[in-house]
Amino acid sequence: MSQISVKELSADIRKAIDQLKNRPEIENVGVVTRSADGIAWIYGLRACGANEVVEIEGTDGSMVQAFALNLSENEIGAVLLGSEEKVKAGARVKLTGKVQQVPVGPELVGRVVDPLGRPLDDKGPIKAKKFNNIEQPAPGVLDRKSVHEPLMTGITAIDAMVPIGRGQRELIIGDRQTGKTAIAIDTMINQFRQKTGVINIFVAIGQKSSKTARMVERLKREGVMGQTIVVATSPSDPASLQFIAPYAGAAIGEYFRDNKQHALIIYDDLSKHANAYRQMSLLLRRPPGREAFPGDVFYLHSRLLERSAKLSDSLGGGSLTALPIIETQAGDVSAFIPTNVISITDGQIYLETDLFYQGIRPAISVGLSVSRVGGAAQTKAVKSVAGSLRLNLAQYRELAAFAQFSTDLDAETKQQLDRGQRLTELLKQPQYSPYSIWEQTSMLLAATEGAFDKVPVRDIKKAVNALLSELNHKHKKAMDKLNEGDKPDDKLKNTILTAAKSIAKDYKESDK
Amino acid sequence: MSFSRTSLAGEIAKRLSGKQPRKLAKEVAAYLIENNKAAELNSLERDIMEERGAKNGIIELTAISVHQLESAQITNIERLVKKLYPNCKQVIVDQVLDESITGGVRLEFANQLLDLSAGAKLNRLRKLTAK
């Protein structure tokens, strides 16, 4: 029997390779039957999957991407991600076999991108090595660990009374112009100032481009952009891009969570996100429900927010903390979307317009704000001094109506009123000025132990600044130790109180 | 009485192999007008092509090229189609001239496309080099 030579075999292999390379590739194609308002209705493509990305041949030869949301027997409803002017009836449509993906990784840090990962900051292309699906299942129960590490916002009112932990979802809710985004920005700045290493992801959903640009500029000035990623969509962007923006941001944040790092994601705001989804659903002819939202609007936000979690140690212990923002109308927290998101999140920070205009900024309503994680995620140092703060403020609020009759009240009531006024003044904080752990602990200790009870309300901030300055100069080592977060011992507490009492003497009201 | 487009396409495909196709065309036109479905004619056309291909083994396609195809080229196309569709018994080739495809030929089936044009090859090359 003659043996085939290696050369002959090699020639056969080469021929087979050529045939394989030249084998024509037959593709499934569909046709756009009609297109309007950002929706293309497509005939064909029976093999199309839900949320699959399709490519439509534009009038100029370029490919316009869309993703299939409506799958029915006779046609597919696909939402356009690009310019709808380029799509006309009769255009050919091809499947890509993939769902929407976004580039992820450290290459995005410091960049401003759109929800498809395209750069918006003129710093060149993003050379990401990895792409993740924007829709991912949330970690399961056994993959998680309970939230136990604090995420300090640097805002005393929040860190003391509504503490946030890594992996928590804490909603920021309030009317327009009440300081919701300001809280988010201060939290991001604090991550940089306290060198926590937490990566910030800010998702601007339908926000004015001028507002986003101003925020980016501020973050650059504060040095925060070096650990921040901004995913931006403007009101002029298609509803489809506004719809996928938070999911893209979550996919970017999950990269850090799954790689043993900690990330903070801010969704500003989910009210606009719900509106964009409503617009898309109505155009896709899905049946409208309450307030014309589609029936799955709860699922829209629940599947997004469930992806923010604290992972177990076996999975690296990383976390993704979410600060979703919801804008209410006329303070109505019982509207459809706000109640949905309140029931999903692990607490809310409620901002009131009345407080804002009274000069109490941040305008946090202590009574209505809550953190369901609570003390488990609070720094021990702050926890040790903030225990009575909520109670004192609650008592003050109850008695506040009597403030105008202060001369007719008994000493105890007057003392509660005085204490409450001073605590309220203490909790006022300028924007872009987050406080560190030792600063918050010191000022709260001084105030709750009555060191500033004789200081006029108008001088509280000056007294606090003087106290912090003195502690920083004369007891820097002790303050650095306190900044690590451990509960202060009695000696340290005495040091702080002694300094506070001595400073209070300079501001003492003259006896009338 | 209204039928779904797929069941209508199936019925038409069955009757196409019978007699009097023009009578069939008038009946279908009347049905489409009566049920306000005249705009769906293009989609119906593709459904019928798909049905004929699946049930009767008759594959109909549009061959788009820059120049008129010679009979040898058409024979090659038919051979290629029979290789791609093993159940194919008959191939109907409808020729369309289009200078925009630069060169080669593009074969459009009911719901599939076989793009052997020069433009498509250049695009594939572009995608490969972009990676």
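Note on naming: letters A, B, ... go to the chains in the order of the sequence lines (proteins, then strands), and numbering restarts at 1 for each one. Values in this document were obtained by computation on a predicted structure and should not be read as measured data.
Looking at A:Arg46, the atoms closer than 4.5 Å to chain B (heavy atoms on both sides) all sit in the side chain, from C-beta outward. Only the side chain of B:Ser4 comes within contact range of chain A, judged by heavy atoms closer than 4.5 Å. There is no contact between B:Glu40 and chain A, counting heavy-atom distances below 4.5 Å.
With A:Val29 as reference, B:Leu113 is the one residue of B:Leu113, B:Asn111, B:Leu114 to meet the side-chain contact (heavy atoms from CB on, under 4.5 Å) rule.
Between the side chains of A:Tyr43 and B:Asn42, no donor N or O sits under 3.5 Å from an acceptor N or O.
No more than 12 heavy-atom neighbours from other residues, nucleotides or ligands sit within 6.0 angstrom of NZ on A:Lys88.
Comment: B:Glu108 engages A:Arg92 in a salt bridge, judged by a side-chain N to carboxylate O separation of less than 4.0 angstrom.
Considering only heavy atoms from C-beta on, B:Ser43 stays 4.5 Å or farther from A:Asn74 through its side chain. No side-chain heavy atom of B:Arg5 sits under 4.5 Å from any side-chain heavy atom of A:Glu75.
For the ring pair (Phe, Tyr, Trp, His ring centres under 6.0 Å) condition, the pairs that include at least one residue of residues 83-111 of chain B, sequence neighbours left out, are B:Tyr85-B:Phe109.
Of the listed residues (B:Asp115, B:Asp47, B:Leu107), the one with the most heavy-atom contacts under 4.5 Å to chain A is B:Asp47.
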